[in-house]
Every structure is written in C-alpha cells, then in structure tokens.
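Written out below as structure tokens is the structure these notes cover.
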Amino acid sequence: MMNFDTLKARGLFDERLPRYTSYPPAPAFSADIGPAFQTEALAALDPDAPISLYLHIPFCERLCWFCACRTQGVRSLTPVQAYLETLRRELALIATHQSRKLRVKQMHWGGGTPTILPPALIREVSDMLGEVFVMDTDTTFSVEIDPTLVDADKIAALKDAGMTRASIGVQDFAPLVQKCIGRLQSYEQTLEAVEMLRAAQVASLNVDLVYGLPFQSTEGFAQTLHQVNTLRPDRVALFGYAHVPHMAKRQSLIPEASLPGDRARFTLFNKATELLCADGMEAIGIDHFARPDDSMARAARDGTLRRNFQGYTVDGCDTLLGLGASSISRFKEGFVQNAAQTGDYTRQINTGELAGVRGYRLTSEDRLRGRIIEMLMCDFAIDFKELDLNDVDRARIKPAVDALRRECDGMIVETQDRLSLSPQARPLVRRLAHFFDASNPAHAGYSRVS
Ligand code: SF4
C-alpha cells in the first residue's frame, strides 16, 4: 500500500469527496422530486420482486457530540409515540398503491436509537409493518442497538419481530475519548448487551468504530480493538470521523485542536486494520471488515457486494423503501428523500401525501456511471463484460477511464473485460470513483477521503 508521504504528496488528505452510498450523491438531489414521483414509483413496483426496507427512528436519549445523524433528543416517549402514529399513516398511504403486500428480503431499523422503543412499541411497529409487508423466512433484519439503552425484554421483542443482526455502536472505549464526544459507554455495558443478544440467539453482530476522534491515540485505539475482538463480532465498520460543525452543530463542542492530524488518522486506520485482520477478519471495500464465513465477506469474494445508504450490503434488491423522516428510497426510476425534520414529515403526511421533498430521476447515463462507481467502491475493479457498453456509452466514460489510468499508472491490471486496481491503488478509490461522477454538486459537507 502507498505510505503516508506518497498519499500526502498526491493531495489525498486535502480531498473532500462523496462516500458514494448512492449515485448521484444526495447533495445532487433536487426539490423538483416529491410525492408525485414517489407515488408513480410505488405504483410501478412489481409485487413479485422482493424489496429492502429502511425504517428511521429519529430520537435519542443522549446526543453524542460527534454524531451528524438526523436525530433529536427526547426525555419522554410522547414525541416518539406521535411519530409512530405518523408512520402508521405513511404505511397506509404506501398500501394504497399496492395490489398486495410487498415481500421484504432485507430490513434495517436505524436512527437515532431504535432501542429507545420499549417492548410494547417495538411490537406495535412490527405489527404495523406486517399490515403492509410480508417477511420471507430468510429475511435479514438488522437493528442499531445502543448498549446503554437496551435490556433483555427489548431484545426479546426485537427477536420476536425477526431481528437477525444487531449493530452496536462502540466508536472507542477509551474514557477520555468518550468524555470528549459526550458518549459514555463502558466495555462491561457493551459486553452485557452482547451477551443478552447471544442468549437471545441473535445470530450476527456488527460493531461500529470511529477513528479520528478527539484525543484518540494509537495505543488507546489498539486497546479498543483488543476489547472489540473479545466480543467476537461478525462484522466491523470502521468510519473516519468527519468534523463538520457548520453542518452538525453538536460537533462544535469538540475543539478542533483535540483532533488527530492527517498522519495520526492514517496510523489509527492502519493499526485498526492490522488488528482486525490479525484476528481473522477480511477487509471489505473502504471501511468494513467481516469474518470469512460472513455473507458480506462471501459477497466481496464473489463480486456481489453492493452499496447503499447504510454503506456496504449484500442486499441485491432493486428497490429500497425508506420509511420515516429523512429516509431515502431508491426505486428503479430514481431516489426520493422524505422531509428531514419530524415536524415537516408529519405535516406532509397529514395532508394525505407521501413525505418526499427532494430526489433525483435517473437517466440511463446515471445508471451506467452509478454502476461503475459501485463496482469501484465494492470490487476495486470495473467489469466491462457486465457493463456491455455500446459506442455512445464507451465514448461517455472514456475521459474518466483515461483519467483513472493516468492516476493509477502501474497500479492497475487490465484485460479486455476487466480493469482491476492493485492493492496500492485502493486508498485512491474515492478519487477514482469521482472521475466517473458527472453530477459534481459543489458541496462543502463531503467527508475526508482518508
Ligand atoms: S451516536 Fe447514536 S445515540 Fe449518539 S446521537 Fe448519534 S444516533 Fe444518537
């Protein structure tokens, strides 16, 4: 792999680029797309084709300072219950466009903090979803779990609802780091939550970590990695902290001077990678790790890994239906995002309309560019055989392919059907993907590349 000085000389640490969880990236969405588009796309769904579901629960009991998620702090369940009533109305509106219940292949509850819901509300939400959707016997259902806000009864309710994977936020166990991000969560609390999940026979566990946090040291983060390894997760997501206080106001509580510099971030990421791989995990894409027998590692090996708004996924469904405030749906026609604030989401649903307020209608050129970007982000390769380009498409992407070749001089392997990045070129992948991005919205909120 290229060392720090080489990447620095190439300007990698100064770049702010999309993470390409969609193409085009969400900042390119426009306010021209709304409920009419959502209605058209819902009505055109094939009832026999399984879909993915994302449910957003935008509430937290604690508001961690590093977090840029769309969420609001609450001290009682009253706003949560009101939100669930709006969700019930949103589901009823979706149902009016379906001749029968849609089959769900994959479901994710995220937020916010889904485990803010007490068992009775977890069951209520599950029943509401069951009115509109059918879960297959092999449906995977993942839930973001806050170990400080979960107990055996909530886990039992989630398990009854079909939970197959728990995703636990850890970030870093070092007490000083936790204090400086406003998120206290001991290893013992986390272990207790993991033991409850295992006792409930939740088969798969994901752990989220963040590097680049205030006062993070290589030694301290290595200790966190050792502790995480004792939890035996099946997957780990290792995200870089993006300090954007102009967009996420809570982050202004984190002094910039406490953040590790470029070289320290680079070392933190590589140390974590080294320790996870030494523990038997395989590196997946730009920021995930999985045990070799996990479905994500298998998908990475056989070229079926995909990218969606949660990051990497094995989900092959064409349709991802987002439910709740700020959630984004992906249809074959394009993307649509619900109103971000719960008040706006509620007002729009109460008018009897779906809650979409912005989005993007895809052209065939967008689909081509999006698929190439997804291939690069997932496989570090472009499979020309799968793309089956005509002359017009070949001409369209030629400047980007040429730019990639120049950038990766000596670091690609090419055959007639495939262009593969060598391992040294992988840290450049977001820059390479950006060559294919024709949307190019000017936006200051993109995250650091490294
Ligand atoms: S990290 Fe989780 S608990 Fe903390 S504010 Fe973000 S969503 Fe809420």
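Each ligand, and each atom within it, is numbered from 1 in the order the structure gives.
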Discussion item. Assess the residue pair Asp294 and Ser204 against the criterion (side chain to side chain contact (heavy atoms under 4.5 Å, CB included)); give the C-alpha distance rounded to whole Å, side-chain angles, the decisive distance to 0.1 Å, and a yes or no.
Written reply: CA-CA 9 Å; Asp294 183 271; Ser204 177; 4.2 Å; yes
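By the criterion of a heavy-atom distance under 4.0 Å, the side chain of Arg183, and not its backbone, is placed next to ligand 1.
For residue Cys64, no N/O/S atom approaches atom 6 (Fe) of ligand 1 to within less than 2.8 Å.
Ring geometry for His288 against Tyr312 counts as perpendicular: the plane angle is over 60°, on a 0 to 90° scale with 30° as the lower cut. Between Phe331 and Phe37, the ring planes lie perpendicular to each other; the angle is over 60°, past the 30° to 60° tilted range. Between Phe13 and Phe266, the angle of the ring planes goes over 60°, which puts this pair in the perpendicular group of the 30/60° scheme. Ring geometry, Phe173 versus Tyr187: the interplanar angle exceeds 60°, so the pair is classed perpendicular (tilted spans 30 to 60°).
Protein heavy atom in closest approach to atom 3 (S) of ligand 1: Thr113 OG1, 3.7 Å.
The nearest non-hydrogen atom to atom 6 (Fe) of ligand 1, considering only Cys67, Cys60, Gly182, Ala68, comes from Cys67.
Every atom of ligand 1 with a heavy atom of Gly112 under 4.0 Å away is listed here by number and element: 7 (S).
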